[in-house]
Enquirer: 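I have a structure I would like to understand better, so I am pasting it below and will then ask my questions one at a time.
The sequence lines fix the lettering, A, B, ..., with proteins before strands; numbering per chain opens at 1.
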Amino acid sequence: MKSIDKQINIINRGVVQICEENELREKIKKNKPLRVKLGVDPTAGELHLGFTVVLRKLRQFQDLGHQAVLIIGSYTAQVGDPSGRDKTRPQLSVDDVIANAKFYLEQAGKVLNLDTLEVCYNGDWFKKMNFLDVITMLSKSTVARTLEREDFSNRYSSGTPIYLHEFVYPLMQGYDSVMVKADVELGGTDQTFNLMVGRDLQRDAGQEPQVCITMPLLEGLDGVRKMSKSYGNYVGISDEPKDMFGKLMSISDELMWKYYELLTEIPLSEISKMKDGITNEKIHPMDVKKNLAINIISQYYDEKIAINARAAFEKVFSKGNLPDDIPEFNLHTGETELNFIKILTETKMAPSGGEVRRLIKQGAVSIDGEKISDLTIPLPGKNEFVIKIGKRRYLKIIK
RNA sequence: GGGGAGAUACCGAAGCGGUCAAACGGGGCAGACUGUAAAUCUGUUGGCUUUCGCCUUCGGAGGUUCGAAUCCUCCUCUCCCCA
């Protein structure tokens, strides 16, 4: 094992807060692998880079020789969380949870070392509790304390409902820590409160309280809101390499540094050199961003594929050539004209006829580079031609 | 249990009998400028047809009216205050 300082140094990268760092030192000093806990919700489908921030941190612990413990929140998922904004979340069946968990692990395996990973389902202990056990657990915290939590207090003051069972979640999560005897728990900053509850419950159970490590929430492609599937501002770790590349190129220059810090292993010293290079105008921010994209794509595919993705990107967006893989559409026989509304809605290139009208009116549609201004045009003589919509939608028409 | 407020399009939020497919802001999309960056400017943002027009939408179900998102009744849900 590496020295304490070295370990702390690695662990510290990108974290917002370690509570408490000296406790962590003490724990490491014992020279026993730490049990590092991460709880996940098995409702999520595809993993995106936002999730990997904390998964990567867990992986770092694994690489330092510690024991990663992944808790699948199977019980939570089965209960179903109605707190969602507009509609009740579906209650998941046991089978759903198992299937989701399997899918989750499959993906998480791209970041974590599954061979040494310990996986627990919190339903294993929660389903055994009786009501008295639950009440006893509830008695470990107070309303005022729970209400302190930022998102709860925000919701409370803005008049958004908070359901009672939501109040219980922090305790459940904390109870998980007791059950797995966690030394460390990881989470996003939005989890701070829940992590702290774990400390209380462990203390109460006569355990040494866990060290809580919080990671920043990664902003998505819009640079404002956290990366999330529902905001559509995410990069999925199973995205096609060229999509990943394009998406990563669209983040702001500013945000790129956060991605560098949280999603790559590139030493911080090198990152700051890059920053200087841009300030001195020795390097172009676009190139720095391309390297970021290559680094990230390489983690999920390999470097060769990443470089190909860059080439494809440059071909299409720098040189303005057509991409290699354009969806194709075979015209129905007997057509004498091109009806854009029909073709584009039929192929799902546009959601509605109104949208097609708008796009054409605004000059967003072209055929082989020639702008279209009518909804319908006579069929071009060529046997194949490409319709382009906006910056990145293409459709090859074949007669 | 009592009293009050409220539910509007992706989100926030106006509208309070016709001129409402519904102001405004955000977001989205598109155009200009670019490096698919940021910032900025412009257009657009229910569906079908684009000329008129038609259809569906303002929590749900009924009702009053020539006519309702706007009035009435019931229902569902939320928030606040009191107990």
Enquirer: Given that both distances must come in under 3.5 Å, which nucleotide forms a Watson-Crick or G-U wobble pair with B:U73?
Expert: B:A61
Enquirer: Counting heavy atoms from C-beta on, name the nucleotide in B:G27, B:A30, B:A37 closest to the side chain of A:A364.
Expert: B:A30
Enquirer: Taking pairing as Watson-Crick or G-U wobble with both contacts under 3.5 Å, can you name the mate of B:U40, or confirm there isn't one?
Expert: B:A32
Enquirer: Given the P atoms of B:A32 and B:G25, what is the spacing between them in whole Å?
Expert: 24 Å
Enquirer: Are A:E26 and A:N22 close enough that a side-chain donor and a side-chain acceptor fall under 3.5 Å?
Expert: no
Enquirer: Given atom CE of A:M349 and atom P of B:A30, what is their separation to the nearest angstrom?
Expert: 11 Å
Enquirer: If you check the A:Q362 side chain, which of B:A30, B:A38, B:G27 turns out closest?
Expert: B:A30
Enquirer: Looking at every non-hydrogen atom in both residues, tell me the closest pair between A:P209 and A:E23 and how far apart they are.
Expert: O-OE1, 4.1 Å
Enquirer: Please give the distance between the P atoms of B:A9 and B:G59 as a whole number of Å.
Expert: 8 Å
Enquirer: Applying a 4.0 Å non-hydrogen cut-off, can you work out what A:G363 is touching in the nucleic acid: base, sugar-phosphate, or nothing?
Expert: sugar-phosphate
Enquirer: What integer distance in Å separates A:I389:CD1 from B:G28:P?
Expert: 20 Å
Enquirer: With both distances under 3.5 angstrom, what nucleotide forms a Watson-Crick or G-U wobble pair with B:G12?
Expert: B:C24
Enquirer: Specify the residue among A:K361 and A:R392 whose closest nucleotide of RNA chain B lies further upstream toward the 5′ end.
Expert: A:R392
Enquirer: Heavy atoms only, 4.0 Å cut-off, all strands: where does A:E254 land among base, sugar-phosphate and nothing?
Expert: nothing
Enquirer: Can you tell which of B:A38, B:U36, B:C29 lies closest to the side chain of A:K391?
Expert: B:U36
Enquirer: Quote, to the nearest angstrom, the C1' distance that separates B:G53 from B:G60.
Expert: 31 Å
Enquirer: Looking only at atom C1', what distance separates B:U8 and B:C16, rounded to whole Å?
Expert: 12 Å
Enquirer: CE of A:M256 versus P of B:A38: gap in Å, rounded?
Expert: 12 Å
Enquirer: Has A:K247 got its NZ or CZ under 6.0 Å from the middle of the six-membered ring of A:Y234, at an angle within 45 degrees of the ring axis?
Expert: yes
Enquirer: For A:K247 and A:I341, take the nucleotide of RNA chain B holding the closest heavy atom to each; which residue's nucleotide lies nearer the 5' end?
Expert: A:K247
Enquirer: Could you let me know what B:C79 is paired to, Watson-Crick or G-U wobble, both distances under 3.5 Å, or none if it's on its own?
Expert: B:G4
Enquirer: Counting side-chain heavy atoms from C-beta on, which of B:G47, B:A37, B:A30 comes nearest to A:S352?
Expert: B:G47
Enquirer: How about A:L218 and A:L263: do any of their side-chain heavy atoms sit closer than 4.5 Å?
Expert: yes
Enquirer: Is it the case that atom CD in A:E370 sees more than 12 heavy atoms from other parts of the structure closer than 6.0 Å?
Expert: no
Enquirer: Provide the distance between the two P atoms, one in B:G63 and one in B:C54, to the nearest whole Å.
Expert: 24 Å
Enquirer: Hunt down the Watson-Crick or G-U wobble partner of B:C54, both distances under 3.5 Å, from any strand shown, or write none.
Expert: B:G47
Enquirer: Among A:K30, A:K181, A:R199, exactly one meets salt bridge (Lys or Arg N to Asp or Glu O under 4.0 Å) together with A:E208. Which residue is that?
Expert: A:K30
Enquirer: Work out how far the P atom of B:U19 is from that of B:U51, and round it to whole angstrom.
Expert: 23 Å
Enquirer: Rounded to whole angstroms, how far apart are NZ on A:K348 and P on B:C29?
Expert: 20 Å
Enquirer: Would you please confirm or rule out a distance under 4.0 Å between OP1 or OP2 of B:A30 and any side-chain N or O of A:R393?
Expert: yes
Enquirer: Which part of the nucleic acid, if any, lies within reach of A:I251 when heavy atoms closer than 4.0 Å are counted: base, sugar-phosphate only, or nothing?
Expert: sugar-phosphate
Enquirer: What's the CD1-P distance between A:I360 and B:U49, to the nearest Å?
Expert: 13 Å
Enquirer: Write down the distance separating the P atoms in B:U78 and B:U70, rounded off to the nearest Å.
Expert: 23 Å
Enquirer: Quick one: A:D222 CG to B:A37 C1', roughly how many Å, whole number?
Expert: 14 Å
Enquirer: When rounded to the nearest Å, what value does the distance between P atoms of B:C77 and B:C71 take?
Expert: 23 Å
Enquirer: Nearest whole Å is fine: how far is B:A37 P from A:L221 CG?
Expert: 12 Å
Enquirer: Determine if A:F245 stacks with B:U36; use a centre-to-centre distance below 5.5 Å and an interplanar angle below 30° as the criteria.
Expert: no
Enquirer: For residues A:M129 and A:V134, report the shortest heavy-atom separation together with the two atoms involved.
Expert: CE-N, 4.2 Å
Enquirer: Report yes or no: is there a donor-acceptor pair, N or O only, under 3.5 Å between the side chain of A:D253 and the base of B:G35?
Expert: yes
Enquirer: In whole angstrom, what separates A:F317's CZ from B:A37's P?
Expert: 10 Å
Enquirer: Of all the choices, B:U36, B:G43, B:A32, which nucleotide is nearest to the side chain of A:K371 once you look at every atom?
Expert: B:A32
Enquirer: Quick one: is B:A37 close enough that its OP1 or OP2 comes under 4.0 Å of any side-chain N or O from A:S250?
Expert: no
Enquirer: Check whether the side chains of A:E185 and A:Q173 place a donor and an acceptor atom closer than 3.5 Å, and report yes or no.
Expert: yes
